[in-house]
Peer 1: 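My questions will all concern the structure given below.
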Amino acid sequence: MTLQDLVLRAASLYSDKIAVCFDDCNSQPPIYYTYKTVINTASELSDFLQSHCNFQGIREIGLYCYPGINLPSWILGILQVPAAYAPVDPDSPPALSAHFMQKCDLNYILVEKQQLNKFRSSYEALLICDAFTVEHNDLVLFKLYWKTVEVNSMLSDHKGKHETVTNSTSLDSSKEKSEHMDMRQKDCLAYVLHTSGTTGTPKIVRVPHSCIVPNIQHFRVLFEITQQDVLFLASPLTFDPSVVEIFAALSSGASLLIVPTFVKVLPSQLAAVLFSRHRVTVLQATPTLLRRFGAHLIKSTVLSVNTSLRVLALGGEAFPSLTVLRSWRGEGNKTHIFNIYGITEVSSWATFYRIPETILDSTLKCEMPVQLGFPLFGTVVEVRDSDGLTVQEGNGQVFLGGRNRVCFLDEEITVPLGTMRATGDFVTVKNGELFFLGRKDSQIKRHGKRLNIELVQQVAEGIPQVESCAVTWYNQEKLILFIVSKNDFVKENIFRELQKHLPTHAIPDELMLIDSLPFTSHVAFPDEDLTLAKSCGNKRKFSDVNQEDNSGESLHQESALPLNSDNQINAFIALSRGSQILSLDTKFSAKLGHFLSTSSSDLISQTDIQLVQSINSPALIGKSEDPTGAGKISGEGTPAVVTEQIELRVRWRTDTGKCVDASPLVVLSAMDKSSATVYIGSHSHRMMAVDLYSGTVKWEQILEDRIESSACISKCGNFIAVGCYNGLVYVLESNSGEKYWVFTTGDAVKSSATVDTITGLLYIGSHDQHAYALDIYKKKCVWELKCGGAIFSSPCLSLVPHHVYFATLGGLLLAVNPATGNRVWKHECGKPLFSSPRCSLEYVYIGCVDGNFLCFTHFGEQVWQFSTSEPVFSSPCILTSEQEIVFGSHDCFIYCCNMKGHLQWKFETTSRVYATPFAFHNHDCSSEMLLAAASTDGKLWILESKSGQLQSVHELPGEVFSSPVVWESMLIIGCRNNYIYCLDLLGRNQK
């Protein structure tokens, strides 16, 4: 029996019934396919593949696409060849996917036509893509020819490590042949996946039909699925629970609901689509996906008394405590809730347990965890101690297998029937029932005692004020509890609650408030650093889980950018967040100085001052007006405008299609003030060039993934560089947007590039933990440096000394030699650094997640630190004379400190401040310096820089994580309502 056999049987009974629904969640109505259409489309594809694929070995075909109406048909078409499908996620880092395809020795891949450019740009350095291509409807078939030599051209008969259920010690050759599964058999394999590799090199897992079909058959019975049911495709194709979701639906005459990936991260919209519009009846999900809805939405919609949801199966992570589960259920809810458990290496699930109604409805407090339950069809579950002996009572490691429940790992060609795989998951056996203890690698030793950190999470979730939470063992030194709160809470109260239920060695070192749990397509958490880079895999063990960075908001980088053209220096100015302004041309310094004096004459960063020293150069070093450090402190209460001096009025707004988290780059000609361009990207994948004065779009380029990186212009001015979520750095022609060069990193690029005005090199960081120096003119990487953590923020360049500074989510601040890529010094800050470093002539400044703002010399010595009460994600803005630094904090304040670290003033906004402030001269009074800042609730604040006094406030209709840029009397900023805004700053005589 194969997966396609199950569907064909159902299709013969329900040919005219709806099999698949795709809802794009926009103004268009959903698209429906009947079973007959699904089968016909699949048959056409399988005929096409049979006529164009010449298999020389294992029959495997890659599938590179996003979820859509044709997805089930494409999978069935591959299976009917017969061949195994190997999903390749377009959003996965190209390096990981290339490793997967090479290790599989994949010869053919089907690419969705709409993703052709993305596929080619992602793999052009590794593949000869155009040697063989054939089109079929919305797909293109590629034959893969690898440029590199490290391709497994032929898999060996390596059997790998395995253990058998039988106690037999030897088998004769004829029996051995019949007692082994051989993946070279024509109809053996169904699909191919890879594990995440978070605890080592990713493993290839080839799954036979005989391993997964029992899962489908048992869940159909267990969940009592009929043709009236609607199942939701919650998992990505690279996550093996997706197989259960697809085939449990299509083998039962039920309907499968598919939505775009982006909808899955929008809780309110997802809840409406699932439970109001399409009335989903069966949902398989991770606890994190469920938590993402939030307790209120779960209780009022997902698990309400009137919910459409009959069955909720939670797996892939530790099951929530019964206390939390009860708090999520609306009164009268009758949804059947299951705990399911399994690992990718014995795809997909191994055990199930339905939570009895009596337990769910009981008001008695229950500290007991939920048991793993009973084996699924054909599955053998064993618990063994460290000596390999079976455990009947007590603790041990879970081993999974079964006669036909075996998969092929990496180079395995044949595997003995009944092979048992170690899971790395530890349980305790009590009266024959299995209770999860934790992962082998989630057991830590703290204060001399062993601790399972998941116990801390389970206890914390039971605290009434806690909406959801996650625990991390940071750098193997500090136990940190991240909390999403239902309401305002006092940390001491949380600690008191924890102390009631946890032993002393389990009490967290720190408690940090966050807005929401991180979320990706795999919906799970890391077991080490919560805020580290977006992961790239799908291994489904309790702590081998992956997550993109914690903030959920982009922190936008600054770049000081020069321009020239045709090897001739022209006077241009480029402005980006944090008041960074740059011109390369000292020959035009006098003209440029006059030009700047009308608007932003003193707003030149340390790097730029060294290049344009004659531009109204103020005294760079001086004493604070208040040597005691007792400055003016404002904003202790609700901010109020004493006399509104300035009005903000929208000049234009331009729709980008999706959220704008990047910060604008504004480029102007010093000779022609009418020539000015705003460069900015958005989540819609669009990189746009917009006229500063009118908002007219000059050009737009659709990249292959969303953009949170801010643009940087090359030294010559002919190109802009921008990072992308797909791990690529795009170099585009600045006047047209045409692609000039694409550089591939190993993970998402949220960092923004910085240009070296001496060499012309671009420096940029990636979530693959590397810093890069790129020569865009030679189209090559000059050097790369592994930095000990993902790089989220933007690098900062100092000319004297010649250093480039990088900050990592591993908590490291590094000074690097820009010419060689050698590390000069590093400082361990102890917490993730989302803030970008900024430097003056004397010092380097940076904010930290622990709430501290730090100052260092250029030689790595810490000079001082200033403490706020919440994390600092905002990057520093250095004021004109380099005597004050301004930055924002999660505690809703904007702070101004002098060079000694003494507070000059602070101003309270109405929400958290992620964005970097921008300093500028009042257009009506050039002697007055003002600050533009933004808080996440969409408010723009104009402050007087010396006192922090509020001059004006304006609210945009959406959240703001973009940083403002001001030129003359115009403020430019991005907003999460999909628009870029330009606002006029009007003085009293202009209103």
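All heavy atoms count here, side chains included; hydrogens, waters and symmetry mates do not. Positions are given from 1, in the same order as the sequence printed here.
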Peer 1: What distance do Ser874 atom OG and Phe887 atom CZ have between them, rounded to the nearest 0.5 Å?
Peer 2: 8.0 Å
Peer 1: Do side-chain atoms of Asp509 reach the backbone of Leu479 as a donor and acceptor pair under 3.5 angstrom?
Peer 2: yes
Peer 1: Measuring from atom CG of Leu813 to atom CH2 of Trp825, what distance do you get when rounded to the nearest 0.5 angstrom?
Peer 2: 4.5 Å
Peer 1: Would you check, one step at a time, whether the test salt bridge (charged side-chain N to carboxylate O under 4.0 Å, His left out) holds for Glu870 with Arg912?
Peer 2: CA-CA 9 Å; Glu870 293 293 343; Arg912 298 178 181 183; 5.8 Å; no
Peer 1: Can you confirm whether Leu879 sits close enough to Val886 that some side-chain heavy atom of one is under 4.5 Å from a side-chain heavy atom of the other?
Peer 2: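 Of all side-chain heavy-atom pairs linking Val886 with Leu879, at least one is under 4.5 Å.
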Peer 1: Do Leu833 and Phe792 touch side chain to side chain, with heavy atoms closer than 4.5 Å?
Peer 2: no
Peer 1: Who pairs with Tyr843 by ring pair (Phe, Tyr, Trp, His ring centres under 6.0 Å), at least two apart in sequence or on another chain?
Peer 2: none
Peer 1: Calculate, to the nearest 0.5 Å, the distance between atoms SG and CD1 belonging to Cys712 and Ile764 respectively.
Peer 2: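 That separation rounds to 8.0 Å.
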Peer 1: Sequence neighbours left out, what passes side chain to side chain contact (heavy atoms under 4.5 Å, CB included) with Asp937? Give chain and number order.
Peer 2: Thr910, Ser911, Ser935, Lys939
Peer 1: Give a yes or no answer on whether the side chain of Ser710 reaches the backbone of Ser663 with a donor-acceptor pair at less than 3.5 Å.
Peer 2: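 Yes, because the side chain of Ser710 sits within donor-acceptor range (under 3.5 Å) of the backbone of Ser663.
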Peer 1: Are any non-hydrogen side-chain atoms of Ile494 and Ile483 less than 4.5 angstrom apart?
Peer 2: yes
Peer 1: Give a yes or no answer on whether the side chain of His858 reaches the backbone of Ser840 with a donor-acceptor pair at less than 3.5 Å.
Peer 2: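 Yes, the answer is positive, given that a donor and an acceptor are paired below the 3.5 Å cut-off.
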Peer 1: For Val844 and Pro837, work out which heavy atoms get closest and say how close.
Peer 2: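 For Val844 and Pro837, the tightest heavy-atom pair comes out as CG1-CB, 4.3 Å.
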Peer 1: Is the shortest side-chain heavy-atom distance between Gln949 and Trp905 below 4.5 Å?
Peer 2: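 A side-chain contact under 4.5 Å is absent here.
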Peer 1: Looking at side-chain heavy atoms only, is the closest gap between Val872 and Tyr895 below 4.5 Å?
Peer 2: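 Val872 does not reach Tyr895 side chain to side chain.
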Peer 1: Could you go step by step and tell me if Ile713 and Tyr679 meet the side-chain contact (heavy atoms from CB on, under 4.5 Å) rule?
Peer 2: CA-CA 9 Å; Ile713 291 191; Tyr679 298 95; 3.8 Å; yes
Peer 1: Is Lys946 salt-bridged to Glu928, cutoff N-O under 4.0 Å?
Peer 2: no
Peer 1: May I ask you to check whether Asn898 and Glu884 show a side-chain donor-acceptor distance below 3.5 Å?
Peer 2: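 Glu884 and Asn898 do not have a side-chain donor-acceptor pair below 3.5 Å.
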Peer 1: Is Ser766 reaching over with its side chain to a backbone N or O of His770, donor-acceptor style, under 3.5 angstrom?
Peer 2: no
Peer 1: Quick one: OH on Tyr845 to OG on Ser875, what's the gap to the nearest 0.5 Å?
Peer 2: 14.5 Å
Peer 1: Going by distance alone, is a donor N or O of one side chain under 3.5 Å from an acceptor N or O of the other, for His954 and Tyr981?
Peer 2: no
Peer 1: Evaluate the side-chain contact (heavy atoms from CB on, under 4.5 Å) criterion for residues Cys848 and Lys831: first the C-alpha distance (whole Å), next the side-chain angles of each, then the deciding distance (0.1 Å), finally the verdict.
Peer 2: CA-CA 7 Å; Cys848 186; Lys831 288 289 177 61; 3.5 Å; yes
Peer 1: Which heavy-atom pair separates Leu950 from Trp941 by the least distance, and what is that distance?
Peer 2: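 Distance-wise, the nearest heavy atoms are CD1-CE3, 3.7 Å.
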Peer 1: Could you tell me whether the side chain of Tyr763 reaches within less than 4.5 Å of the side chain of Phe806, counting heavy atoms only?
Peer 2: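 They are in contact (side-chain heavy atoms under 4.5 Å apart), so the answer is yes.
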Peer 1: Going from CG on Leu971 to CD1 on Ile973, what distance comes out if it is rounded to the nearest 0.5 angstrom?
Peer 2: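 Nearest 0.5 Å value for the CG-CD1 distance: 6.0 Å.
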Peer 1: Could you give me the CA-CA distance, side-chain angles and deciding distance for Ile791 and Leu809, then say whether side-chain contact (heavy atoms from CB on, under 4.5 Å) is met?
Peer 2: CA-CA 6 Å; Ile791 300 173; Leu809 298 187; over 6 Å; no
Peer 1: Please determine whether side-chain contact (heavy atoms from CB on, under 4.5 Å) holds for the pair Ile942 and Leu985, giving the CA-CA distance in whole Å, both sets of side-chain angles, and the decisive distance to 0.1 Å.
Peer 2: CA-CA 10 Å; Ile942 306 298; Leu985 298 159; 4.0 Å; yes
Peer 1: Answer yes or no: is there a donor N or O on one side and an acceptor on the other, between the side chain of Thr909 and the main chain of Cys892, under 3.5 Å?
Peer 2: yes
Peer 1: Can you check whether Phe866 and His902 have ring centres sitting under 6.0 Å from each other?
Peer 2: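 No.
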Peer 1: Within the supplied structure, the quantity of interest is the number of heavy atoms (other residues, nucleotides, ligands) at a distance under 6.0 Å from Phe495 CZ; does it exceed 12?
Peer 2: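 Result for CZ/Phe495: enclosed.
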Peer 1: Check the pair Thr868 / Ser889 against side-chain hydrogen bond (donor to acceptor under 3.5 Å, both in side chains), numbers first and verdict last.
Peer 2: CA-CA 7 Å; Thr868 74; Ser889 171; 3.1 Å; yes
Peer 1: Report yes if the side chains of Leu854 and Val863 come closer than 4.5 Å at any heavy-atom pair, otherwise no.
Peer 2: no
Peer 1: Distance-only, no hydrogens or angles: does the Thr916 side chain make a donor-acceptor pair with backbone N or O of Ser963 under 3.5 Å?
Peer 2: no
Peer 1: Any chance you could measure Leu797, atom CG, to His803, atom NE2, to the nearest 0.5 Å?
Peer 2: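 One gets 10.5 Å once the value is rounded to the nearest 0.5 Å.
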Peer 1: For a quick test of reading the model, state the closest non-hydrogen atom pair linking Trp967 to Leu668 and the distance between them.
Peer 2: NE1-CD2, 3.0 Å
Peer 1: Looking only at non-hydrogen atoms, find the nearest pair between Ala919 and Cys877 and report the distance.
Peer 2: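 For Ala919 versus Cys877, the nearest heavy atoms are N-SG, 3.8 Å.
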Peer 1: When you measure from the side chain of Trp783 to the backbone N and O of Pro818, does any donor-acceptor pair fall under 3.5 Å?
Peer 2: yes
Peer 1: Of the non-hydrogen atoms in Ser794 and Thr754, which two are nearest, and what is the gap between them?
Peer 2: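 Taking every non-hydrogen atom into account, OG-OG1, 3.5 Å.
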Peer 1: Main chain of Asn852, side chain of Asp850: is a donor-acceptor contact present, judged purely on distance under 3.5 Å?
Peer 2: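 A pair under 3.5 Å: yes.
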Peer 1: Is the Phe893-Phe907 ring centre distance short of 6.0 angstrom?
Peer 2: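 No, ring centres 6.0 Å or more apart.
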Peer 1: Do you know which two heavy atoms are closest between Ala711 and Leu665, and how far apart they sit?
Peer 2: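 So the two residues come closest at O-CD2, 3.7 Å.
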Peer 1: Leu498 versus Leu481: any side-chain heavy-atom pair under 4.5 Å?
Peer 2: yes
Peer 1: Kindly say whether Met899 contributes a backbone atom to a donor-acceptor pair with the side chain of Trp864 at under 3.5 angstrom?
Peer 2: yes
